[in-house]
Student: 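Before anything else, here's the structure in question.
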Amino acid sequence: MYFNSHTKIGLGTWRMGESAITQSSEIQAIEHAVSIGYRLIDTAEMYANGQAESLIGKALKNLGPSIRPSLTLVSKVLPTNASSQGMIKACEASLRRLGCEYLDLYLLHWKSSYTFEQTIEGFLKLKDKGLIKHHGVSNFDVSDLKKWSDTEKSMGLSPSESLATNQVYYSLGARGIEFDLAPHLAREKISLMAYSPIDGGELMRHKELAVLASSLNITPAQLALAWTVRHPNTVAIPKSVSKSRIEENWASKDLSLSPQTLATLDRLFPPPRAKTSLAVI
Ligand SMILES: NC(=O)c1ccc[n+]([C@@H]2O[C@H](COP(=O)([O-])OP(=O)(O)OC[C@H]3O[C@@H](n4cnc5c(N)ncnc54)[C@H](OP(=O)(O)O)[C@@H]3O)[C@@H](O)[C@H]2O)c1
(Lines give C-alpha, C1' and ligand atoms only; values in the text may rest on other atoms or scores of the structure.)
Protein backbone atom coordinates (compact mmCIF):
# COMPACT_ATOMS: atom_id res chain seq x y z
CA MET A 1 0.00 0.00 0.00
CA TYR A 2 1.22 3.47 -0.82
CA PHE A 3 2.09 5.73 2.09
CA ASN A 4 3.62 9.18 1.64
CA SER A 5 4.97 12.01 3.76
CA HIS A 6 1.41 12.87 4.85
CA THR A 7 0.75 9.36 6.11
CA LYS A 8 4.17 8.66 7.65
CA ILE A 9 2.76 9.70 11.04
CA GLY A 10 -0.89 8.90 11.70
CA LEU A 11 -3.20 9.40 14.66
CA GLY A 12 -4.03 6.47 16.95
CA THR A 13 -7.39 6.52 18.73
CA TRP A 14 -7.26 3.71 21.29
CA ARG A 15 -8.73 4.89 24.63
CA MET A 16 -10.62 7.74 22.96
CA GLY A 17 -14.40 7.71 23.38
CA GLU A 18 -14.28 5.95 26.74
CA SER A 19 -15.75 8.82 28.73
CA ALA A 20 -18.59 11.19 27.88
CA ILE A 21 -16.74 13.95 29.76
CA THR A 22 -13.71 13.96 27.44
CA GLN A 23 -15.50 13.31 24.15
CA SER A 24 -15.73 16.90 22.92
CA SER A 25 -12.03 17.56 23.55
CA GLU A 26 -11.19 14.29 21.79
CA ILE A 27 -13.26 15.32 18.76
CA GLN A 28 -11.40 18.65 18.76
CA ALA A 29 -8.07 16.81 18.99
CA ILE A 30 -8.92 14.71 15.90
CA GLU A 31 -10.04 17.84 14.03
CA HIS A 32 -6.84 19.60 15.03
CA ALA A 33 -4.72 16.69 13.79
CA VAL A 34 -6.40 16.77 10.38
CA SER A 35 -6.22 20.57 10.20
CA ILE A 36 -2.43 20.55 10.69
CA GLY A 37 -1.90 17.84 8.06
CA TYR A 38 -2.46 14.35 9.50
CA ARG A 39 -4.01 12.19 6.80
CA LEU A 40 -3.85 8.73 8.40
CA ILE A 41 -6.25 7.85 11.25
CA ASP A 42 -6.22 4.45 12.94
CA THR A 43 -9.18 3.05 14.84
CA ALA A 44 -11.01 -0.22 15.52
CA GLU A 45 -14.52 -1.43 16.26
CA MET A 46 -13.10 -2.61 19.59
CA TYR A 47 -12.02 0.84 20.81
CA ALA A 48 -14.56 1.99 23.40
CA ASN A 49 -17.06 -0.41 21.80
CA GLY A 50 -17.25 1.66 18.62
CA GLN A 51 -17.21 5.04 20.38
CA ALA A 52 -13.73 5.90 19.01
CA GLU A 53 -15.13 5.44 15.49
CA SER A 54 -18.13 7.61 16.39
CA LEU A 55 -15.81 10.41 17.58
CA ILE A 56 -13.90 10.27 14.30
CA GLY A 57 -17.25 10.39 12.47
CA LYS A 58 -18.21 13.56 14.38
CA ALA A 59 -14.82 15.17 13.72
CA LEU A 60 -15.05 14.37 10.00
CA LYS A 61 -18.56 15.82 9.83
CA ASN A 62 -17.29 19.06 11.38
CA LEU A 63 -14.36 19.14 8.92
CA GLY A 64 -16.74 18.88 5.94
CA PRO A 65 -17.06 16.38 3.07
CA SER A 66 -14.16 17.70 1.01
CA ILE A 67 -11.61 16.25 3.47
CA ARG A 68 -12.58 12.57 3.12
CA PRO A 69 -10.84 11.76 -0.21
CA SER A 70 -7.50 12.98 1.18
CA LEU A 71 -7.65 10.70 4.23
CA THR A 72 -6.44 7.16 4.82
CA LEU A 73 -8.95 5.74 7.30
CA VAL A 74 -7.98 2.47 8.95
CA SER A 75 -10.26 0.30 11.07
CA LYS A 76 -10.06 -3.24 12.40
CA VAL A 77 -12.46 -6.12 12.63
CA LEU A 78 -12.58 -8.11 15.86
CA PRO A 79 -11.48 -11.75 15.47
CA THR A 80 -14.92 -12.85 16.70
CA ASN A 81 -16.46 -11.08 13.67
CA ALA A 82 -13.91 -12.35 11.14
CA SER A 83 -16.13 -14.83 9.30
CA SER A 84 -17.00 -14.06 5.69
CA GLN A 85 -20.52 -12.88 6.66
CA GLY A 86 -19.63 -11.40 10.06
CA MET A 87 -17.09 -9.06 8.46
CA ILE A 88 -19.70 -7.48 6.20
CA LYS A 89 -21.92 -6.63 9.18
CA ALA A 90 -18.97 -5.42 11.28
CA CYS A 91 -17.58 -3.24 8.50
CA GLU A 92 -20.99 -1.73 7.72
CA ALA A 93 -21.40 -0.88 11.41
CA SER A 94 -17.94 0.74 11.51
CA LEU A 95 -18.78 2.78 8.41
CA ARG A 96 -22.09 3.94 9.92
CA ARG A 97 -20.24 5.15 13.03
CA LEU A 98 -17.57 6.85 10.92
CA GLY A 99 -20.19 8.39 8.62
CA CYS A 100 -18.16 7.21 5.62
CA GLU A 101 -18.87 5.12 2.55
CA TYR A 102 -15.62 3.18 2.55
CA LEU A 103 -12.50 2.40 4.55
CA ASP A 104 -9.10 2.79 2.97
CA LEU A 105 -7.70 -0.09 4.97
CA TYR A 106 -9.45 -2.79 6.99
CA LEU A 107 -7.39 -5.03 9.26
CA LEU A 108 -7.99 -8.28 11.08
CA HIS A 109 -7.19 -7.09 14.64
CA TRP A 110 -5.50 -10.34 15.62
CA LYS A 111 -5.74 -14.01 14.64
CA SER A 112 -9.20 -15.50 14.95
CA SER A 113 -10.62 -18.99 15.22
CA TYR A 114 -12.13 -18.61 11.72
CA THR A 115 -9.99 -20.05 8.94
CA PHE A 116 -7.84 -17.63 6.96
CA GLU A 117 -9.87 -18.65 3.90
CA GLN A 118 -13.11 -17.41 5.52
CA THR A 119 -11.53 -14.09 6.49
CA ILE A 120 -9.93 -13.61 3.06
CA GLU A 121 -13.34 -14.28 1.46
CA GLY A 122 -14.80 -11.59 3.74
CA PHE A 123 -12.14 -9.05 2.69
CA LEU A 124 -12.73 -9.85 -1.01
CA LYS A 125 -16.51 -9.44 -0.64
CA LEU A 126 -16.00 -6.09 1.08
CA LYS A 127 -13.77 -4.97 -1.80
CA ASP A 128 -16.36 -6.11 -4.36
CA LYS A 129 -19.01 -4.08 -2.53
CA GLY A 130 -16.70 -1.02 -2.56
CA LEU A 131 -16.70 -0.87 1.26
CA ILE A 132 -12.92 -1.21 1.63
CA LYS A 133 -10.02 -0.33 -0.65
CA HIS A 134 -7.25 -2.42 0.93
CA HIS A 135 -7.00 -5.06 3.61
CA GLY A 136 -4.39 -6.25 6.04
CA VAL A 137 -3.72 -7.87 9.38
CA SER A 138 -2.46 -6.92 12.81
CA ASN A 139 -0.34 -8.78 15.35
CA PHE A 140 0.80 -11.35 12.76
CA ASP A 141 4.25 -12.92 12.99
CA VAL A 142 6.24 -14.42 10.07
CA SER A 143 4.74 -17.90 10.45
CA ASP A 144 1.19 -16.46 10.36
CA LEU A 145 2.01 -14.41 7.26
CA LYS A 146 3.45 -17.45 5.48
CA LYS A 147 0.33 -19.45 6.29
CA TRP A 148 -1.84 -16.56 5.06
CA SER A 149 0.15 -16.38 1.82
CA ASP A 150 -0.21 -20.17 1.32
CA THR A 151 -3.98 -19.78 1.76
CA GLU A 152 -4.06 -16.98 -0.84
CA LYS A 153 -2.17 -19.20 -3.29
CA SER A 154 -4.51 -22.13 -2.70
CA MET A 155 -7.42 -19.76 -3.43
CA GLY A 156 -5.73 -18.69 -6.70
CA LEU A 157 -5.41 -15.03 -5.70
CA SER A 158 -3.10 -12.63 -7.51
CA PRO A 159 -0.48 -10.55 -5.62
CA SER A 160 -2.67 -7.45 -6.07
CA GLU A 161 -5.29 -9.14 -3.87
CA SER A 162 -2.78 -9.67 -1.06
CA LEU A 163 -2.10 -7.96 2.26
CA ALA A 164 -1.32 -4.24 2.25
CA THR A 165 -0.22 -3.89 5.86
CA ASN A 166 0.68 -5.67 9.07
CA GLN A 167 0.10 -3.46 12.13
CA VAL A 168 2.35 -4.54 14.99
CA TYR A 169 3.87 -3.24 18.20
CA TYR A 170 7.15 -1.56 17.30
CA SER A 171 9.09 1.03 19.26
CA LEU A 172 12.56 1.64 20.68
CA GLY A 173 11.48 -0.46 23.63
CA ALA A 174 10.07 -3.29 21.50
CA ARG A 175 12.50 -4.05 18.66
CA GLY A 176 11.96 -7.82 18.44
CA ILE A 177 10.38 -7.64 14.97
CA GLU A 178 13.68 -6.42 13.48
CA PHE A 179 15.04 -9.97 13.73
CA ASP A 180 12.86 -11.48 10.99
CA LEU A 181 9.37 -9.93 10.76
CA ALA A 182 10.41 -6.45 9.54
CA PRO A 183 12.76 -7.86 6.83
CA HIS A 184 10.02 -10.30 5.79
CA LEU A 185 7.50 -7.45 5.40
CA ALA A 186 9.97 -5.42 3.34
CA ARG A 187 10.66 -8.42 1.05
CA GLU A 188 6.95 -9.13 0.61
CA LYS A 189 6.15 -5.42 0.06
CA ILE A 190 3.73 -5.40 3.00
CA SER A 191 3.88 -2.08 4.84
CA LEU A 192 4.66 -2.01 8.54
CA MET A 193 2.31 0.09 10.66
CA ALA A 194 3.92 0.60 14.06
CA TYR A 195 1.52 0.77 16.98
CA SER A 196 2.41 2.09 20.44
CA PRO A 197 5.49 3.77 18.90
CA ILE A 198 6.26 5.66 22.10
CA ASP A 199 5.45 2.66 24.29
CA GLY A 200 2.18 4.13 25.48
CA GLY A 201 4.15 7.08 26.89
CA GLU A 202 6.64 4.88 28.81
CA LEU A 203 9.58 6.09 26.72
CA MET A 204 9.05 9.57 28.11
CA ARG A 205 10.46 8.29 31.39
CA HIS A 206 13.77 7.12 29.84
CA LYS A 207 16.46 9.50 31.14
CA GLU A 208 19.17 8.81 28.52
CA LEU A 209 16.66 9.14 25.68
CA ALA A 210 15.70 12.54 27.10
CA VAL A 211 19.36 13.61 27.25
CA LEU A 212 19.99 12.50 23.65
CA ALA A 213 16.82 14.23 22.41
CA SER A 214 17.75 17.42 24.21
CA SER A 215 21.21 17.39 22.58
CA LEU A 216 19.41 17.33 19.21
CA ASN A 217 16.97 20.09 20.22
CA ILE A 218 14.00 17.77 19.82
CA THR A 219 11.72 16.04 22.31
CA PRO A 220 12.03 12.36 23.36
CA ALA A 221 8.72 11.58 21.60
CA GLN A 222 10.01 13.15 18.38
CA LEU A 223 13.24 11.17 18.60
CA ALA A 224 11.35 7.92 19.25
CA LEU A 225 8.94 8.57 16.36
CA ALA A 226 11.62 9.68 13.87
CA TRP A 227 13.52 6.48 14.70
CA THR A 228 10.40 4.31 14.27
CA VAL A 229 9.65 5.64 10.77
CA ARG A 230 13.28 5.75 9.59
CA HIS A 231 12.64 3.06 6.95
CA PRO A 232 10.45 3.89 3.95
CA ASN A 233 8.24 0.83 4.49
CA THR A 234 7.16 1.98 7.97
CA VAL A 235 4.51 4.35 9.31
CA ALA A 236 3.66 5.03 12.97
CA ILE A 237 0.35 5.89 14.64
CA PRO A 238 0.99 7.64 17.98
CA LYS A 239 -2.15 8.45 19.94
CA SER A 240 -2.61 11.80 21.62
CA VAL A 241 -5.54 13.93 22.71
CA SER A 242 -3.33 16.95 23.40
CA LYS A 243 -3.14 19.52 20.60
CA SER A 244 0.46 20.44 21.44
CA ARG A 245 1.59 16.79 21.53
CA ILE A 246 -0.29 16.12 18.28
CA GLU A 247 1.78 18.94 16.73
CA GLU A 248 4.98 17.71 18.37
CA ASN A 249 4.45 14.18 17.03
CA TRP A 250 3.60 15.45 13.54
CA ALA A 251 6.89 17.36 13.30
CA SER A 252 8.84 14.11 13.72
CA LYS A 253 8.01 13.05 10.14
CA ASP A 254 10.47 15.64 8.82
CA LEU A 255 13.39 14.62 11.02
CA SER A 256 16.22 12.44 9.79
CA LEU A 257 18.63 10.92 12.27
CA SER A 258 22.40 10.79 11.76
CA PRO A 259 24.31 7.48 11.80
CA GLN A 260 25.81 8.63 15.11
CA THR A 261 22.37 9.15 16.69
CA LEU A 262 21.21 5.78 15.37
CA ALA A 263 24.30 4.13 16.89
CA THR A 264 23.62 5.76 20.26
CA LEU A 265 20.03 4.53 20.13
CA ASP A 266 21.30 1.01 19.34
CA ARG A 267 23.41 1.18 22.48
CA LEU A 268 20.51 2.40 24.64
CA PHE A 269 17.94 0.05 23.05
CA PRO A 270 19.85 -2.92 21.59
CA PRO A 271 18.44 -4.62 18.48
CA PRO A 272 17.38 -8.29 18.84
CA ARG A 273 20.02 -11.01 18.51
CA ALA A 274 17.57 -13.88 18.34
CA LYS A 275 13.99 -14.64 17.48
CA THR A 276 11.56 -13.66 20.23
CA SER A 277 7.81 -14.14 20.31
CA LEU A 278 5.90 -11.23 18.83
CA ALA A 279 5.26 -8.51 21.40
CA VAL A 280 1.60 -7.62 21.68
CA ILE A 281 -0.24 -5.01 23.75
N1 LIG B 1 -3.41 -3.34 16.51
C2 LIG B 1 -3.30 -3.39 17.82
O3 LIG B 1 -3.44 -4.46 18.46
C4 LIG B 1 -3.00 -2.12 18.57
C5 LIG B 1 -2.58 -2.17 19.91
C6 LIG B 1 -2.29 -0.97 20.57
C7 LIG B 1 -2.42 0.25 19.89
N8 LIG B 1 -2.87 0.28 18.59
C9 LIG B 1 -3.04 1.56 17.86
O10 LIG B 1 -1.83 2.32 17.99
C11 LIG B 1 -2.12 3.59 18.57
C12 LIG B 1 -0.95 4.09 19.38
O13 LIG B 1 -0.63 3.19 20.42
P14 LIG B 1 -0.91 3.52 21.97
O15 LIG B 1 -2.05 4.45 22.07
O16 LIG B 1 -0.98 2.20 22.65
O17 LIG B 1 0.43 4.18 22.48
P18 LIG B 1 1.40 5.38 22.04
O19 LIG B 1 0.88 6.08 20.86
O20 LIG B 1 2.77 4.82 21.99
O21 LIG B 1 1.31 6.31 23.32
C22 LIG B 1 0.15 7.01 23.65
C23 LIG B 1 0.35 7.65 25.03
O24 LIG B 1 1.44 8.55 25.00
C25 LIG B 1 1.00 9.87 25.29
N26 LIG B 1 1.68 10.77 24.33
C27 LIG B 1 1.41 10.93 23.02
N28 LIG B 1 2.26 11.80 22.45
C29 LIG B 1 3.08 12.21 23.44
C30 LIG B 1 4.16 13.12 23.48
N31 LIG B 1 4.57 13.80 22.40
N32 LIG B 1 4.80 13.31 24.68
C33 LIG B 1 4.40 12.65 25.79
N34 LIG B 1 3.37 11.76 25.81
C35 LIG B 1 2.72 11.56 24.65
C36 LIG B 1 -0.49 9.87 25.14
O37 LIG B 1 -1.10 10.75 26.05
P38 LIG B 1 -2.04 11.98 25.56
O39 LIG B 1 -3.14 11.38 24.74
O40 LIG B 1 -2.52 12.57 26.85
O41 LIG B 1 -1.17 12.91 24.76
C42 LIG B 1 -0.84 8.43 25.49
O43 LIG B 1 -0.94 8.28 26.88
C44 LIG B 1 -3.40 3.32 19.37
O45 LIG B 1 -4.04 4.49 19.76
C46 LIG B 1 -4.15 2.45 18.41
O47 LIG B 1 -4.73 3.23 17.39
C48 LIG B 1 -3.13 -0.90 17.91
Student: Quick check with a 6.0 Å cut-off and a 45 degree axis cone: is Lys146 positioned over the face of Trp148's six-membered ring?
Tutor: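 Judged by the rule, Lys146 and Trp148 form no cation-pi pair.
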Student: Could you tell me if Asn139 and Tyr195 have a donor-acceptor pair between their side chains, going purely by distance under 3.5 Å?
Tutor: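 Side-chain D/A pair, Tyr195 to Asn139: present.
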Student: Find the distance between CG (Leu145) and CG (Leu185) and round it off to the nearest 0.5 Å.
Tutor: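 With rounding to 0.5 Å, CG (Leu145) is 6.0 Å from CG (Leu185).
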Student: With side chain to side chain contact (heavy atoms under 4.5 Å, CB included) as the test, would you mind laying out the steps for Thr22 and Val241 before giving the verdict?
Tutor: CA-CA 9 Å; Thr22 51; Val241 291; over 6 Å; no
Student: Please walk me through it: do Gln167 and His109 pass side chain to side chain donor-acceptor pair (under 3.5 Å)?
Tutor: CA-CA 9 Å; Gln167 185 181 114; His109 209 146; 5.7 Å; no
Student: Is the side chain of Lys8 donor-acceptor paired with the backbone N or O of Thr234 at a distance under 3.5 Å, no angle test?
Tutor: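 Confirmed, Lys8 side chain pairs with Thr234 backbone.
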Student: Calculate, to the nearest 0.5 Å, the distance between atoms NZ and CG belonging to Lys275 and Leu278 respectively.
Tutor: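 Those atoms lie 7.0 Å apart.
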Student: Do Val211 and Ser214 have side chains that approach each other closer than 4.5 Å (heavy atoms only, starting at C-beta)?
Tutor: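 No. Closest side-chain heavy atoms not under 4.5 Å.
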Student: Quick check: do Arg39 and Ile67 have side-chain heavy atoms less than 4.5 Å from each other?
Tutor: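 Result yes, sub-4.5 Å side-chain heavy-atom pair found.
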Student: Rounded to the nearest 0.5 Å, what separates atom OG in Ser83 from atom CD in Glu121?
Tutor: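 One gets 10.5 Å once the value is rounded to the nearest 0.5 Å.
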Student: For Cys91 and Ile132, which heavy atoms make the closest approach, and how far apart are they?
Tutor: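 So the minimum-distance heavy-atom pair works out to SG-CG2, 3.8 Å.
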Student: Considering only NZ, NE, NH1 and NH2 on the basic side and carboxylate oxygens on the acidic side, decide whether Asp266 and Arg175 come within less than 4.0 Å.
Tutor: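 Judged by the 4.0 Å cut-off on N to carboxylate O distance, Asp266 and Arg175 do form a salt bridge.
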Student: So Lys133 and Leu103, do their side chains get closer than 4.5 Å, heavy atoms only?
Tutor: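 With C-beta onward as the side chain, the pair stays apart.
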Student: Please determine if Glu248 and Lys253 form a salt bridge, counting it only when a charged side-chain N lies under 4.0 Å from a carboxylate O.
Tutor: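 No salt bridge links Glu248 with Lys253.
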Student: Using every non-hydrogen atom in the two residues, find where Gly136 and Leu105 come nearest and quote the distance to one decimal.
Tutor: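 Residues Gly136 and Leu105, closest heavy atoms: N-CD1, 4.2 Å.
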Student: How about Ser149 and Glu152: does a side-chain donor come under 3.5 Å of a side-chain acceptor?
Tutor: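 Their side chains do not contain a donor-acceptor pair, so the 3.5 Å distance test is not met.
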Student: Do Leu157 and Tyr114 land in one hydrophobic cluster if side-chain heavy atoms of ILVMFWY residues count as linked below 4.5 Å?
Tutor: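 Not linked; separate clusters.
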Student: Evaluate the side-chain proximity of Tyr106 to His134: yes if any heavy-atom separation is below 4.5 Å, no if none is.
Tutor: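 His134 does not reach Tyr106 side chain to side chain.
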Student: Same cluster or not: Ile198 versus Phe269, using hydrophobic residues (I, L, V, M, F, W, Y) connected whenever any side-chain heavy atoms lie under 4.5 Å apart?
Tutor: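 As far as the 4.5 Å side-chain criterion goes, Phe269 and Ile198 are connected within one cluster.
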Student: Taking all heavy atoms of Glu26 and all of Gly17, pick out the closest pair and write down the distance.
Tutor: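 Scanning both residues, the minimum pair turns out to be OE1-N, 2.8 Å.
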Student: Can you tell me if Ser242 uses its side chain to pair, donor with acceptor, with the backbone of Arg245 under 3.5 Å?
Tutor: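 Here the side-chain-to-backbone pair exists.
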Student: Counting only N and O atoms by type, is there a donor-acceptor contact under 3.5 Å from the side chain of Asn81 to the main-chain atoms of Gly86?
Tutor: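 Flag not set: sc Asn81 to bb Gly86 has no pair under 3.5 Å.
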Student: So which atom in Pro79 and which in Leu108 form the shortest heavy-atom distance, rounded to 0.1 Å?
Tutor: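 Taking every non-hydrogen atom into account, CA-CD1, 4.1 Å.
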Student: Would you mind reporting whether Ile41 and Thr72 have side-chain heavy atoms less than 4.5 Å apart?
Tutor: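 Not in contact.
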Student: Specify the closest pair of heavy atoms between Leu11 and Ser240, including all atoms of both residues, with the distance to one decimal.
Tutor: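 Scanning both residues, the minimum pair turns out to be CD1-O, 3.9 Å.
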Student: Go through Ile30 and Ile56 one step at a time and tell me if the side chain to side chain contact (heavy atoms under 4.5 Å, CB included) criterion holds.
Tutor: CA-CA 7 Å; Ile30 297 165; Ile56 296 169; 3.9 Å; yes
Student: Looking only at atom types and distance, does a side-chain atom of Thr276 sit under 3.5 Å from a main-chain N or O of Pro272, one as donor and one as acceptor?
Tutor: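 Side chain of Thr276 to backbone of Pro272, a donor-acceptor pair under 3.5 Å: no, none is there.
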Student: I'd like to check Asn249 versus Gln222 (side-chain heavy atoms, cut-off strictly below 4.5 Å). Are they in contact?
Tutor: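 Contact flag for Asn249/Gln222 side chains = no.
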Student: Could you tell me whether Asn49 atom CG has more than 12 heavy atoms of other residues or ligands within 6.0 Å of it?
Tutor: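 No, CG of Asn49 has 12 or fewer neighbouring heavy atoms, counting only those of other groups under 6.0 Å.
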Student: Aromatic contact between His6 and Tyr38, with the criterion being ring centroids under 6.0 Å apart: yes or no?
Tutor: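 No, ring centres 6.0 Å or more apart.
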Student: Using modelled atom types and a 3.5 Å cut-off, is there a donor and acceptor pairing between side-chain atoms of Thr151 and backbone atoms of Glu117?
Tutor: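 Checking the backbone N and O of Glu117 against the side chain of Thr151, no donor-acceptor pair under 3.5 Å is found.
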Student: Let me see the working for Thr115 and Gln118 under side chain to side chain donor-acceptor pair (under 3.5 Å), right down to the final yes or no.
Tutor: CA-CA 5 Å; Thr115 62; Gln118 283 172 290; 3.2 Å; yes
Student: Hey, are Glu45 and Ser94 close enough side-chain-wise for a donor-acceptor pair under 3.5 Å?
Tutor: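 Judged by distance alone, the side chains do not pair up.
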Student: Between atom OG1 of Thr43 and atom NZ of Lys239, what is the distance when rounded to the nearest 0.5 Å?
Tutor: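 Taking OG1 in Thr43 and NZ in Lys239, the distance rounds to 12.5 Å.
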Student: Check the hydrophobic clustering (I, L, V, M, F, W, Y; side-chain heavy atoms under 4.5 Å; chains of links allowed) and say if Val142 and Phe179 are grouped together.
Tutor: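 No, no single cluster joins them.
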Student: Measure across Ser196 and Ser171 and return the closest heavy-atom pair with its distance rounded to 0.1 Å.
Tutor: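 Taking Ser196 first and Ser171 second, the nearest heavy atoms are O-CB, 3.6 Å.
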Student: Hey, do the aromatic rings of Phe140 and Phe116 have their centres closer than 6.0 Å?
Tutor: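 That pair passes the under 6.0 Å test.
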Student: Look at Asp42 together with Lys76 and state whether they make a salt bridge at an N to O cut-off of under 4.0 Å.
Tutor: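 Salt bridge present between Asp42 and Lys76.
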Student: Any donor-acceptor pair under 3.5 Å linking the side chain of Trp14 with the backbone of Tyr47?
Tutor: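 Such a contact is absent between Trp14 side chain and Tyr47 backbone.
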Student: Is a side-chain N or O of Arg230 found less than 3.5 angstrom from the main chain of Trp227, in a donor-acceptor match?
Tutor: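 Yes: the side chain of Arg230 pairs with the backbone of Trp227.
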Student: Is it true that Asp141 and Lys147 make a salt bridge, defined as a side-chain N closer than 4.0 Å to a carboxylate O?
Tutor: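 Salt bridge absent between Asp141 and Lys147.
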Student: Find out whether Arg68 and Glu101 are in side-chain contact, i.e. whether some heavy atom of one side chain is under 4.5 Å from a heavy atom of the other.
Tutor: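 Answer no - side chains too far apart.
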Student: Classify the side-chain pair Thr165/Ser191 by whether it contains a donor and acceptor separated by less than 3.5 Å.
Tutor: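 There is such a pair (donor and acceptor under 3.5 Å, judged by atom type) between the side chains of Thr165 and Ser191.
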Student: Could you go through the side chain to side chain contact (heavy atoms under 4.5 Å, CB included) check for Leu60 and Leu71 one step at a time?
Tutor: CA-CA 10 Å; Leu60 296 185; Leu71 296 177; 3.5 Å; yes
Student: Tell me, with the steps shown, if Val235 and Ile9 meet side chain to side chain contact (heavy atoms under 4.5 Å, CB included).
Tutor: CA-CA 6 Å; Val235 300; Ile9 296 290; over 6 Å; no
Student: Are the side chain of Glu92 and the backbone N or O of Lys89 linked by a donor-acceptor pair below 3.5 Å?
Tutor: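 Not confirmed, Glu92 side chain does not pair with Lys89 backbone.
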Student: Do the side chains of Arg205 and Asp199 get close enough for a salt bridge, i.e. N-O under 4.0 angstrom?
Tutor: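 Salt bridge between Arg205 and Asp199, a charged N being under 4.0 Å from a carboxylate O: no.
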Student: Same cluster or not: are Leu63 and Tyr102 linked, directly or through other Ile, Leu, Val, Met, Phe, Trp or Tyr residues, by side-chain heavy atoms under 4.5 angstrom apart?
Tutor: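 Leu63 does not cluster with Tyr102.
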Student: Heavy-atom count around Lys111 NZ within 6.0 Å, excluding the residue itself: above 12?
Tutor: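 Incorrect, the count does not exceed 12.
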Student: Yes or no on side chain to side chain donor-acceptor pair (under 3.5 Å) for Gln28 and Ser25, after CA distance, side-chain angles and deciding distance?
Tutor: CA-CA 5 Å; Gln28 284 173 30; Ser25 61; over 6 Å; no
Student: For the CD atom of Glu53 and the CE atom of Met46, what is their distance to the nearest 0.5 Å?
Tutor: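 Glu53 atom CD to Met46 atom CE measures 11.0 Å (nearest 0.5 Å).
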Student: Hey, what do you get for CG (Leu98) to OG (Ser54), rounding to the nearest 0.5 Å?
Tutor: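 Nearest 0.5 Å value for the CG-OG distance: 7.5 Å.
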Student: Check whether any side-chain heavy atom of Thr261 sits under 4.5 Å from a side-chain heavy atom of Leu223, and report yes or no.
Tutor: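 Yes - at least one pair of side-chain heavy atoms lies under 4.5 Å apart.
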